[in-house]
Number of protein chains: 2
Amino acid sequence: MDATNNTYHRATIDDVASRAGVSIKTVSRVVNNEPNVRPATREAVLQAIKDLKYRPNASARRLAGNRSFLFALVYDDPSAYINATANYITNVQGGALKKAREAGYDLLIHPCDYHDPGVVDEIRVLVEHSRIDGLLLTPPLAEVKPIVRMLRDTETPVIRVSPGKVRGYDAVGTNDREVSAEMTRYLASLGHERIAFIRGHPHHRALAGREQGYLDGMSQSGLRVQKSLVQQGDNSFESGVEVAKRLLRMKNLPTAVFAGNDDMAAGVLQVAGGLGIKVPEQLSVAGFDNVPISRQVWPTLTTIHQPTFELAEKATELLFQLIRGEKLTGRTQIDSSLVIRDSTAPPRE
Amino acid sequence: MDATNNTYHRATIDDVASRAGVSIKTVSRVVNNEPNVRPATREAVLQAIKDLKYRPNASARRLAGNRSFLFALVYDDPSAYINATANYITNVQGGALKKAREAGYDLLIHPCDYHDPGVVDEIRVLVEHSRIDGLLLTPPLAEVKPIVRMLRDTETPVIRVSPGKVRGYDAVGTNDREVSAEMTRYLASLGHERIAFIRGHPHHRALAGREQGYLDGMSQSGLRVQKSLVQQGDNSFESGVEVAKRLLRMKNLPTAVFAGNDDMAAGVLQVAGGLGIKVPEQLSVAGFDNVPISRQVWPTLTTIHQPTFELAEKATELLFQLIRGEKLTGRTQIDSSLVIRDSTAPPRE
DNA sequence: CGGCAGCCTGACAGCGTTGTCAAGAAACAC
DNA sequence: GTGTTTCTTGACAACGCTGTCAGGCTGCCG
C-alpha cells in the first residue's frame with residue numbers, strides 16, 4: 001500500500017476556503033460556476049485556487065453530487081472477432097482493460113507526445129492528481145529517462161511494456177532478438193546472402209534488439225554483414241520508402257530486406273513496385289509486428305507476430321502484483337513467432 | 001441534471017450488511033479479501049452480495065481508502081505529430097479525450113463486440129453501475145436498435161457518431177453521400193463508364209450513404225448503373241478480396257472500382273496485383289476513409305479523408321451540451337474531402 | 001479455574017465534495 | 001421608513017466506503 005504514499009499533499013477545498021476567507025460552499029459555487037456569488041468574492045476564490053493549484057477531487061465530487069464527471073466512449077472492437085485487425089495500441093488497451101475489469105479496476109488512458117519536453121510534468125500531474133495506483137508505460141515512453149526517473153521519485157508502481165531494461169524497473173518484453181535471428185536464418189536458408197536490414201528509431205529499444213538479432217542470425221548462418229546494407233529508418237512507412245530508395249539503387253542490390261517493422265517493410269514494397277522490381281522473385285521483403293497492413297499489401301508480407309494483447313494482459317497482472325506489494329519474478333517474456341507469407345522466396349538466379 | 005436520474009437503485013454496502021446480518025465493516029473485509037472473517041460469515045456475506053448484485057462504489061473506495069482502483073496506460077500517440085497515422089478508433093479516442101480533459105471530465109473507454117447479444121446488458125451495466133453522465137456511441141453500435149432503445153429507457157444522454165438517423169437521438173455525421181457522389185463524378189470525369197461499387201456491411205449506415213452517393217454520382221454523370229457492378233462486401237479487407245475476384249473475372253471488366261472503404265479497396269489492389277492487372281493503367285481503384293493503409297499500398301490509394309478526430313471533438317461538445325440540459329441544434333455535419341493519389345487515372349483504350 | 005493471547009466483529013470517524021436549508025445583507029417597492 | 005423580495009453566504013448533513021480501535025469471544029496454558 002505504501003508504494004503509492006508519496007509525500008505530495010494536494011490542496012483541498014478547505015485549504016482554498018480558508019485562504020480566501022470564505023466557506024467551502026462558496027468555493028464549491030465558484031468551482032461549479034454557480035450564480036449568486038459576488039464578483040469580488042469570486043475573484044478572491046479564483047486567486048486562492050490559482051495560488052494553491054487546487055483541483056477538485058473527482059471521487060469526492062462523484063460521491064457527493066449527482067454528476068459523475070465521467071462519460072463513456074463505447075465502440076465495437078473488431079479484434080474481438082477478427083483476428084489481429086487492430087493496431088498496437090488498441091490491442092494493448094484491450095489486454096489491459098480486460099485484466100483491469102477482472103480486478104475491479106478502471107483504466108485511464110493517457111495518450112501523449114513523447115517529443116514534447118512537457119511530457120514529464122504531464123505524467124507527474126497525472127500520477128499526483130489522479131491518485132493512480134500504478135501505471136503501464138509503452139515504448140517509446142518507456143525508454144525516456146526523465147519520465148522513468150520522475151516515476152521512481154514519486155514511488156509509483158510501474159510496469160514497462162518494453163524490452164529495454166532500466167535498473168530497478170520491471171518490464172514485460174518479447175523475444176525480439178531471438179526471433180529476429182530466426183527470421184534472418186530463415187532468409188539465409190532460402191539462399192539469400194545479401195540481406196539488408198532497416199533499423200528502427202533509436203529511441204525504440206525493441207528495435208535495437210531486432211538489429212542485434214539480425215546480426216546474430218547473419219553470423220549463425222555464416223554470412224558477413226555489409227555495413228552498407230544496414231540502414232537507419234525511424235519506424236515510419238515514409239522512412240522505409242527513403243531507405244528503400246537508397247538500397248534499391250545500389251549497384252550490388254540486396255536480394256532480401258528485413259525491416260525492423262511492418263510499416264517500413266511496406267515502404268520497401270511500395271518502392272519496389274514503383275521501380276518494377278518484382279517481390280518476391282527479385283527481392284524478398286520481411287517485416288516485424290504482423291500489423292493488419294502486413295496482410296493487406298500485395299504481396300502479403302512475411303513478418304513476425306507479436307502477441308500484443310497477451311503482452312498487455314501479462315503486464316497488467318504484474319502491475320497488480322506490484323501494487324499489492326508482492327515481489328516480482330524479474331523480467332517476463334512473451335514469445336513472438338514467424339509468419340511466412342508471400343513476400344519471401346528463394347533468390348532467383 | 002435530471003437526465004441522469006434514472007430510477008435504478010444500486011445496492012450499497014449497508015444493504016448487503018443488513019441482509020447478511022453483519023456490520024458494514026465485515027462486508028468490507030469480505031469484499032477486500034481481508035483475513036479474520038469466519039468462513040460461515042464470509043459465506044453469508046458473499047451470498048448477500050450475489051443476491052443484491054452488489055458492486056462497491058469506486059468513488060467511495062477511492063475517497064475513503066488509499067487505493068484508487070485506477071491505473072493509467074500511458075502511450076505515445078503518433079497522431080500528435082504524424083499526420084493521419086492512427087486508425088479510426090484511436091482518433092476518436094483522441095478527440096473525445098481532448099475535449100473531456102478541457103471540461104474536467106474523465107473518459108471511460110468501453111470496447112465491445114456488437115455481434116454479442118449480451119452487449120445490451122453489458123452497456124446497461126456500464127451506464128447504471130458506473131454512474132456515467134453520458135455516452136458516445138460509434139458505428140456499428142450506434143445502429144443497433146436494442147442498444148439505442150435501452151439507452152432511451154435509462155434516459156442516458158447519448159450522442160451517436162454516425163450518419164444514420166434514429167428518431168429522438170442526436171448525432172454527428174459526415175457528408176458521406178455527397179462526397180461519394182463527388183468521387184463518382186471524379187471517376188466519370190476521367191472517362192470511366194463501367195464503374196463498380198463495393199457496398200459495406202449493411203449494419204454500417206455510413207456505408208449505405210456512400211452507396212447512395214455512388215448512385216447519385218452515376219446519374220449526375222449521365223451513366224447507367226449496372227447491377228452486376230454493385231457488389232456486397234462487409235468492410236473487411238478479405239471481403240474486398242472476395243468481391244474483387246468476382247469483379248475482375250467478368251467478361252466485361254469494370255475500368256474503375258469504388259470501394260465503400262479503404263480496407264476493401266486494398267483488397268481489390270491485392271487481387272489486381274495477383275492477376276497482373278495494372279493499377280491505375282488497366283483499373284482505377286478508389287477507397288474511403290483515408291486510413292494509414294491507403295498511403296502505404298502500392299500504388300497509393302485515391303480516397304476520401306474523414307476528419308475523425310474533429311468528428312469526435314464535435315460529438316463530445318454536443319454530449320456536454322446534452323448533459324448540461326441544453327437544446328441541441330439537431331444533426332451536425334463534418335465535411336470529408338477527396339484525396340487524389342496514384343490508384344486512379346483515365347481508362348486506357 | 002484464572003489469565004492471557006489471538007481471533008472475530010462492530011462502532012465510529014473520517015475521505016473531499018455537493019445538496020439543502022436557513023439566515024443575514026442588500027435592493028426594491030410602497 | 002417599513003415590508004418584501006432577491007442576493008449572498010455558510011452550517012451541516014449526506015454520499016459509500018475504509019482505517020482505527022476497542023471489545024467480546026474462544027481456546028490454550030499453567
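In what follows, every chain begins at residue 1, and chains take the letters A, B, ... in the order their sequences are listed.
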Separation of D/dT18 atom C1' from B/Asn33 atom CG, nearest Å, is 15 Å

In whole angstroms, the gap separating P of D/dG16 from OH of B/Tyr54 amounts to 10 Å

Note to self: Could you check whether atom CZ of A/Arg101 has more than 12 heavy atoms from other residues, nucleotides or ligands sitting under 6.0 Å from it?
What the structure shows: yes

B/Glu34 CD to C/dC8 P, in whole Å, measures 13 Å

Atom CD1 of B/Ile24 and atom C1' of D/dG19 are separated, to the nearest Å, by 12 Å

note: A/Asn36, atom CG; C/dG24, atom C1'; distance rounded to Å ~ 15 Å

If we only count heavy atoms from C-beta on, is the B/Phe71 to A/Leu319 side-chain gap below 4.5 Å? yes

Note: for B/Arg38 and A/Arg55 on DNA chain C, the residue whose nearest nucleotide lies more 5' is B/Arg38

By the 4.0 Å heavy-atom rule, please label B/Phe69 as base, sugar-phosphate, or nothing. nothing

NA contact type, A/Arg29, heavy-atom cut-off 4.0 Å: base, sugar-phosphate, or nothing? base

*asked:* For a quick check of understanding: with a heavy-atom distance under 4.0 Å over all strands, which category does A/Thr41 fall into, base, sugar-phosphate or nothing?
replied: sugar-phosphate

Does the side chain of A/Thr12 get closer than 4.0 angstrom to OP1 or OP2 of C/dG16 through an N or O atom? no

**Asked** Taking the six-membered ring for Trp, are the ring centroids of B/Tyr105 and B/Phe320 within less than 6.0 Å of each other?
**Response** yes

Whole-Å distance, B/Lys25 NZ to C/dC7 P, equals 17 Å

To the nearest angstrom, the CZ-C1' distance between B/Arg10 and D/dG16 comes to 9 Å

note: A/Asn32, atom CG; C/dG16, atom C1'; distance rounded to Å ~ 13 Å

Q) Are B/Asn57 and D/dG16 close enough that a side-chain N or O sits under 4.0 Å from OP1 or OP2? A) no

Would you please confirm or rule out a distance under 4.0 Å between OP1 or OP2 of C/dG10 and any side-chain N or O of B/Thr26?
-> yes

Exercise. Looking only at side-chain N and O atoms, does A/Ser28 come under 4.0 Å of OP1 or OP2 in C/dT18?
Worked result: yes

Rounded to the nearest 0.5 Å, the NZ atom of B/Lys314 sits from the NZ atom of B/Lys99 at a distance of 8.5 Å

Next on the checklist: Measuring to OP1 and OP2 of D/dT18, would you say a side-chain N or O of B/Arg61 lies under 4.0 angstrom away?
Outcome noted: yes

Heavy-atom count check: over 12 atoms from other residues, nucleotides or ligands less than 6.0 Å from A/Arg42 CZ?
yes

- Check every strand shown and say whether A/Val22 touches a base, only sugar-phosphate, or nothing at a heavy-atom separation below 4.0 Å. sugar-phosphate

>> Please classify the nucleic acid contact of B/Val31 as base, sugar-phosphate, or nothing, using heavy-atom distances under 4.0 Å.
In response: nothing

